J.: 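Please find one structure pasted underneath; my questions will follow.
Worth saying up front: this structure is predicted, and the values here are computed from it rather than measured.
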Amino acid sequence: QVQLVESGGGLVQAGDSLRLSCGASGRSFSTYAMGWFRQAPGKEREFVAAISWNSRTTDYADSVKGRFTISRDNAKNTVYLQMNSLKPEDTAVYYCAAARKALASMRRFVEYEYDYWGQGTQVTVSS
């Protein structure tokens with residue numbers, strides 16, 4: 001079992017930066033692919049970014065490419081999402097997720113490919 005806890009959300013202005021963190025319990029964190037998803041009010045949850053267990057592979061939604069960076073520190077059981085040049089349309093609850101599958105063998109954009117989820121952290125970007 002893996003428990004995930006997100007932190008770092010808040011209220012910022014357009015153009016600002018924010019770094020989200022997701023801490024994981026359990027000894028197998030370093031073997032999991034990790035992802036970030038988000039859900040805006042009235043919308044379905046959508047893929048944001050993913051990273052392989054060894055950080056060699058990352059992937060991003062087109063809407064955040066070039067602005068967001070996913071990274072991980074396996075020694076700290078933590079995955080990060082650095083968000084720069086934030087826009088009002090980035091406003092959402094952000095969730096981290098862990099997958100037992102290797103990133104290369106999974107449909108990383110698909111929610112049910114992930115086995116564990118955090119409770120989410122709110123990010124609000126004002127214009």
Side-chain angles (χ1 to χ4, degrees):
Q1 276 284 2
V2 174
Q3 290 187 325
L4 304 173
V5 179
E6 302 95 337
S7 61
L11 172 63
V12 297
Q13 293 188 332
D16 285 351
S17 298
L18 209 55
R19 188 176 81 156
L20 304 183
S21 299
C22 174
S25 65
R27 291 176 289 180
S28 300
F29 171 81
S30 62
T31 67
Y32 292 126
M34 298 296 296
W36 284 97
F37 285 73
R38 67 186 182 186
Q39 187 168 21
K43 295 187 177 181
E44 293 189 352
R45 191 153 56 182
E46 64 175 4
F47 170 79
V48 175
I51 188 167
S52 61
W53 70 273
N54 59 4
S55 302
R56 289 180 182 173
T57 302
T58 58
D59 201 1
Y60 298 91
D62 287 343
S63 59
V64 306
K65 207 170 286 185
R67 298 188 299 122
F68 290 12
T69 303
I70 188 171
S71 62
R72 66 190 296 164
D73 185 338
N74 287 341
K76 295 183 178 180
N77 278 17
T78 303
V79 63
Y80 304 97
L81 186 68
Q82 177 67 42
M83 305 185 294
N84 299 330
S85 302
L86 282 161
K87 304 175 181 179
E89 50 264 44
D90 295 319
T91 294
V93 177
Y94 283 72
Y95 300 89
C96 71
R100 292 191 295 261
K101 288 181 180 179
L103 193 67
S105 65
M106 62 184 282
R107 290 166 292 181
R108 61 200 67 174
F109 306 94
V110 178
E111 287 186 55
Y112 61 75
E113 292 282 83
Y114 294 83
D115 303 290
Y116 305 102
W117 291 83
Q119 293 300 306
T121 185
Q122 176 71 46
V123 172
T124 303
V125 184
S126 64
S127 57

J.: Sequence neighbours left out, what passes salt bridge (Lys or Arg N to Asp or Glu O under 4.0 Å) with R72? Give chain and number order.
T.: none
J.: Using links of under 4.5 Å between side-chain heavy atoms of ILVMFWY residues, direct or through other members, which residues join F47 in one cluster?
T.: F37, V93, Y95, L103, M106, F109, Y114, W117
J.: If you group Ile, Leu, Val, Met, Phe, Trp and Tyr by side-chain heavy-atom gaps below 4.5 Å, do I70 and W53 land in one group?
T.: no
J.: Can you name the residues that form a side-chain hydrogen bond (donor to acceptor under 3.5 Å, both in side chains) with Y80, not counting sequence neighbours?
T.: none
J.: Run the salt-bridge test on E113 and R108 with the 4.0 Å N-O cut-off and return the result as yes or no.
T.: no
J.: Go through the structure and list residues passing side-chain hydrogen bond (donor to acceptor under 3.5 Å, both in side chains) with S55, not counting sequence neighbours.
T.: none
J.: Can you find a side-chain donor-acceptor pair between N84 and S17 that sits under 3.5 Å?
T.: yes
J.: Which heavy atom of V2 sits nearest a heavy atom of Y32, and at what distance?
T.: CG2-CE1, 3.0 Å
J.: Can you list everything that forms a side-chain hydrogen bond (donor to acceptor under 3.5 Å, both in side chains) with E111? Sequence neighbours excluded, please.
T.: R45
J.: Taking only residues two or more places apart in sequence, or in another chain, which ones meet S52 in a side-chain hydrogen bond (donor to acceptor under 3.5 Å, both in side chains)?
T.: N54
J.: Can you name the nearest heavy-atom pair linking L20 to G9, along with the distance?
T.: CD2-N, 3.6 Å
J.: Do T91 and V123 have side chains that get closer than 4.5 Å, going by heavy atoms?
T.: no
J.: Taking N77 for the side chain and G26 for the main chain, is one N or O donor matched with an acceptor at less than 3.5 Å?
T.: yes
